[in-house]
Q: 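Okay, handing you the structure first.
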2 protein chains.
Amino acid sequence: MGCSELSATGKPKSEPPKRISRLEPEKRKKLLVEKAVEFFSEEGFEAGTRELARRLGVSQPLIYRYFDSKDDLVNEVYRKVYVSQWNDAWTATICDRQLPLRARLLDFYESYSQAIFNRRWMRIFFFAGLRGLDINTRYIGRVGELIIKPICGELRHEIGLSRDMPITDAEMELAWIMHGTMFYQGIREHIYCTARSVDYSLTATCAVDMYLTTAPPIVREIVEKASR
Amino acid sequence: MGCSELSATGKPKSEPPKRISRLEPEKRKKLLVEKAVEFFSEEGFEAGTRELARRLGVSQPLIYRYFDSKDDLVNEVYRKVYVSQWNDAWTATICDRQLPLRARLLDFYESYSQAIFNRRWMRIFFFAGLRGLDINTRYIGRVGELIIKPICGELRHEIGLSRDMPITDAEMELAWIMHGTMFYQGIREHIYCTARSVDYSLTATCAVDMYLTTAPPIVREIVEKASR
DNA sequence: CAGCATATTTATCAGGTGATAAAAAGCCGA
DNA sequence: TCGGCTTTTTATCACCTGATAAATATGCTG
């Protein structure tokens with residue numbers, strides 16, 4: 001009798017009595033994942049399935065009709081955020097020698113900023129990173145292989161050096177520094193929430209010009225020393 | 001029920017308190033906070049008090065003799081990490097005009113890196129940041145006032161411009177970019193755990209030189225435009 | 001309209017959480 | 001040695017969590 005936290009008369013929760021209708025499994029699953037991305041990116045992955053269900057306007061056990069476990073749902077969130085946001089054209093942009101390298105890098109970071117430096121992505125990324133998940137490590141590896149390493153190759157070409165010799169760690173480091181300069185702006189805006197609207201184009205100009213002036217002499221020394 | 005994983009047998013060296021004995025409240029509280037920093041920095045603040053107690057080798061309710069609530073303990077952790085790691089000499093280092101600005105900045109970042117860019121600090125910082133806690137925002141504000149703004153002032157002086165006019169947002173942005181370049185190295189090392197040992201001195205050289213070459217013309221333009 | 005398939009909900013479980021009260025154990029002075 | 005004070009533990013509480021099974025509601029098809 002008692003134990004009615006949800007009595008028929010009063011609704012303590014703020015949601016209006018929306019009538020929930022049946023949906024095709026496909027449609028429902030998509031809704032679940034989308035809302036889960038939004039939810040976990042704000043509250044972290046420790047947040048409860050009941051609150052998620054409440055925000056969706058469905059009952060909590062419904063989640064388990066579409067996902068075997070909470071972990072299963074969380075993995076779907078990862079996939080959605082990490083995989084679907086990647087743009088295969090990025091590597092091509094970096095390697096398209098019809099433009100000068102500086103212009104290519106600026107083009108790339110303009111596109112990359114829009115795709116990656118948004119609140120949802122950034123927060124999911126750090127929640128996952130702090131958990132030490134391998135999906136995070138794999139993402140970083142991908143950036144290394146498909147962004148950072150190609151940049152190093154293009155810089156070698158730009159300053160007239162062989163691309164045969166494998167890219168060294170030190171060269172990668174130089175490009176990571178440029179990359180980090182951009183990344184930090186995303187952090188300030190979406191994790192700190194302290195920089196209202198960051199000027200990514202100014203940052204990109206600083207970062208790219210720094211790279212293009214600082215890196216060449218260092219790279220030249222590295223390659224020449226190795227080929228002696 | 002011998003639960004004696006730690007026997008009383010001979011170990012006369014510097015680790016006598018193997019036996020779980022009474023401690024002065026002061027000492028016990030200090031131990032609790034220290035271990036809590038270590039624990040929460042790895043597991044996040046959602047981690048349970050029972051596991052923390054287990055690692056301390058004490059019972060879980062003991063924590064509540066020294067802290068009113070888990071939140072109380074967590075706040076102590078924040079205080080310990082944020083407040084106690086700040087070095088008042090940093091601002092002085094930046095403003096000591098007996099050295100050229102470049103040397104001052106490199107000195108500062110060497111000291112700052114050692115204090116801040118370690119695993120404990122970085123992880124606590126991001127766990128708190130993702131929670132949106134005001135202690136985090138206040139820390140950033142402090143960095144802005146005591147690090148970034150002084151740097152902007154020194155740059156103005158370096159290029160012979162008045163320090164009377166207030167520092168503009170755009171000038172702050174330029175110094176934040178340099179700062180972020182350093183910060184990202186800490187992230188790579190301690191959040192991503194992907195860069196084994198980052199070369200902070202290389203990064204500092206890149207970041208500082210970028211700032212000292214990129215910022216002056218922009219600052220000059222800003223100040224002159226404003227004073228016309 | 002009836003009947004059926006299934007999307008969704010209600011009721012519930014076992015285990016974990018922060019927190020409290022009472023019992024136990026350790027320490028020190030007489 | 002004993003008594004008393006304080007630290008620490010044991011035994012709990014109410015609540016919340018992820019997850020399951022049975023009951024219900026919905027919409028389609030004949």
Side-chain angles (χ1 to χ4, degrees), chain A residues 1-13 15-36 39-40 43-77 127 131, chain B residues 1-8 16-33 35-36 39-40 43-77 131:
Chain A
M1 2 155 74
C3 72
S4 62
E5 58 181 279
L6 294 176
S7 76
T9 53
K11 260 261 196 309
K13 317 288 209 270
E15 281 297 307
K18 266 197 293 191
R19 199 117 187 90
I20 296 303
S21 55
R22 298 160 69 109
L23 286 181
E24 306 161 21
E26 203 175 315
K27 201 95 179 159
R28 174 68 71 193
K29 186 160 187 173
K30 197 181 162 197
L31 276 180
L32 285 180
V33 174
E34 278 170 7
K35 203 72 179 179
F39 176 64
F40 288 125
E43 310 299 330
F45 295 112
E46 321 286 342
T49 54
R50 278 172 178 79
E51 176 63 16
L52 169 59
R54 200 187 63 76
R55 296 196 192 183
L56 275 156
V58 301
S59 69
Q60 177 249 2
L62 187 64
I63 294 169
Y64 291 88
R65 174 147 210 100
Y66 295 93
F67 302 93
D68 291 342
S69 64
K70 183 184 172 184
D71 254 16
D72 191 23
L73 170 58
V74 165
N75 284 334
E76 209 66 34
V77 169
F127 277 125
R131 274 190 160 189
Chain B
M1 356 212 30
C3 75
S4 65
E5 56 183 282
L6 302 173
S7 79
K18 286 300 182 188
R19 255 191 105 46
I20 299 176
S21 56
R22 299 160 68 107
L23 285 182
E24 306 162 22
E26 204 175 313
K27 201 94 179 160
R28 174 68 72 191
K29 187 161 186 172
K30 196 180 163 197
L31 276 179
L32 285 178
V33 174
K35 202 73 178 180
F39 176 64
F40 288 126
E43 310 299 332
F45 294 112
E46 321 285 342
T49 53
R50 278 173 178 79
E51 176 62 16
L52 169 58
R54 201 188 60 75
R55 297 197 192 182
L56 274 156
V58 301
S59 70
Q60 177 250 1
L62 186 64
I63 294 170
Y64 290 89
R65 173 139 299 236
Y66 295 93
F67 302 94
D68 291 343
S69 65
K70 183 184 172 182
D71 254 15
D72 191 23
L73 170 59
V74 165
N75 283 334
E76 209 65 33
V77 168
R131 275 189 160 189

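Each chain gets a letter, A, B and so on, in the order the sequences are listed, and its residues count up from 1.
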Q: With a non-hydrogen cut-off below 4.0 angstrom, is A:Glu24 in contact with a base, only sugar-phosphate, or nothing?
A: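 If one applies the 4.0 Å heavy-atom cut-off, A:Glu24 turns out to touch nothing in the nucleic acid.
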Q: Nearest whole angstrom, please: distance from the P of D:dT7 to the CG of B:Leu32.
A: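 Value for this atom pair: 13 Å.
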Q: Cation-pi check for B:Phe67 against B:Lys29: NZ or CZ below 6.0 Å from the six-membered ring centre and within 45 degrees of the axis, yes or no?
A: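 Here B:Lys29 passes the 6.0 Å and 45° test against B:Phe67.
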Q: Classify B:Ala53 by what it touches in the nucleic acid, base, sugar-phosphate, or nothing, heavy-atom distance under 4.0 Å.
A: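 No contact at all - B:Ala53 keeps every heavy atom at 4.0 Å or more from the nucleic acid.
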Q: With side-chain contact (heavy atoms from CB on, under 4.5 Å) as the test, would you mind laying out the steps for B:Phe40 and B:Leu73 before giving the verdict?
A: CA-CA 10 Å; B:Phe40 288 126; B:Leu73 170 59; 4.1 Å; yes
Q: Would you call A:Arg28 and A:Glu24 a salt bridge, taking side-chain N to carboxylate O under 4.0 Å as the test?
A: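 Salt bridge absent between A:Arg28 and A:Glu24.
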Q: Could you tell me the separation between the CD atom of B:Gln60 and the P atom of D:dT10, rounded to a whole number of Å?
A: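 About 12 Å, once rounded to whole Å.
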Q: For D:dT7, does the base pair up with any side-chain atom of B:Arg28 as donor and acceptor (N or O, under 3.5 Å, distance only)?
A: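 No, no donor-acceptor pair under 3.5 Å.
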Q: Which one, C:dC27, C:dA21, C:dT6, comes nearest to the side chain of B:Arg22?
A: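 Output: C:dC27.
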Q: Over how many whole Å does the gap from A:Asp72 atom CG to D:dG18 atom C1' extend?
A: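 It is 13 Å, rounded to the nearest whole Å.
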Q: Can you tell me how far P of D:dT17 sits from CZ of A:Phe40, to the nearest Å?
A: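 Between P of D:dT17 and CZ of A:Phe40: 12 Å.
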Q: Judged by each residue's nearest nucleotide on DNA chain C, which is more toward the 5′ side, B:Asp71 or B:Arg65?
A: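 It is B:Asp71, whose closest nucleotide lies nearer the 5' terminus.
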Q: For B:Phe67, which contact category applies under a 4.0 Å heavy-atom criterion: base, sugar-phosphate, or nothing?
A: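 Nothing, no heavy atom under 4.0 Å.
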Q: Strictly below 4.0 Å, N to O, side chains only: are A:Lys30 and A:Glu26 in salt-bridge contact?
A: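 No.
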Q: Would you mind reading off the distance between A:Leu62 atom CG and D:dA19 atom P, rounded to a whole angstrom?
A: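 From A:Leu62 CG to D:dA19 P: 14 Å.
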Q: In whole angstrom, what separates A:Tyr64's OH from D:dA19's C1'?
A: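 That distance rounds to 6 Å.
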Q: Below the 4.0 Å mark, does C:dT8 have OP1 or OP2 next to a side-chain nitrogen or oxygen of A:Ser59?
A: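 No.
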Q: Could you work out which one of C:dT8, D:dT9, D:dG18 sits closest to the side chain of A:Thr49?
A: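 Taking heavy atoms from C-beta onward, the closest nucleotide is D:dG18.
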Q: Report the distance from atom CZ of B:Arg50 to atom P of C:dT20, rounded to the nearest whole Å.
A: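 It is 13 Å, rounded to the nearest whole Å.
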Q: Measure from CD on A:Glu46 to P on C:dG18 and round the result to the nearest Å.
A: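 Between P of C:dG18 and CD of A:Glu46: 12 Å.
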Q: Applying a 4.0 Å non-hydrogen cut-off, can you work out what B:Pro25 is touching in the nucleic acid: base, sugar-phosphate, or nothing?
A: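 Touches sugar-phosphate only.
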Q: Assess the residue pair A:Lys70 and A:Phe45 against the criterion (side-chain contact (heavy atoms from CB on, under 4.5 Å)); give the C-alpha distance rounded to whole Å, side-chain angles, the decisive distance to 0.1 Å, and a yes or no.
A: CA-CA 9 Å; A:Lys70 183 184 172 184; A:Phe45 295 112; 5.7 Å; no
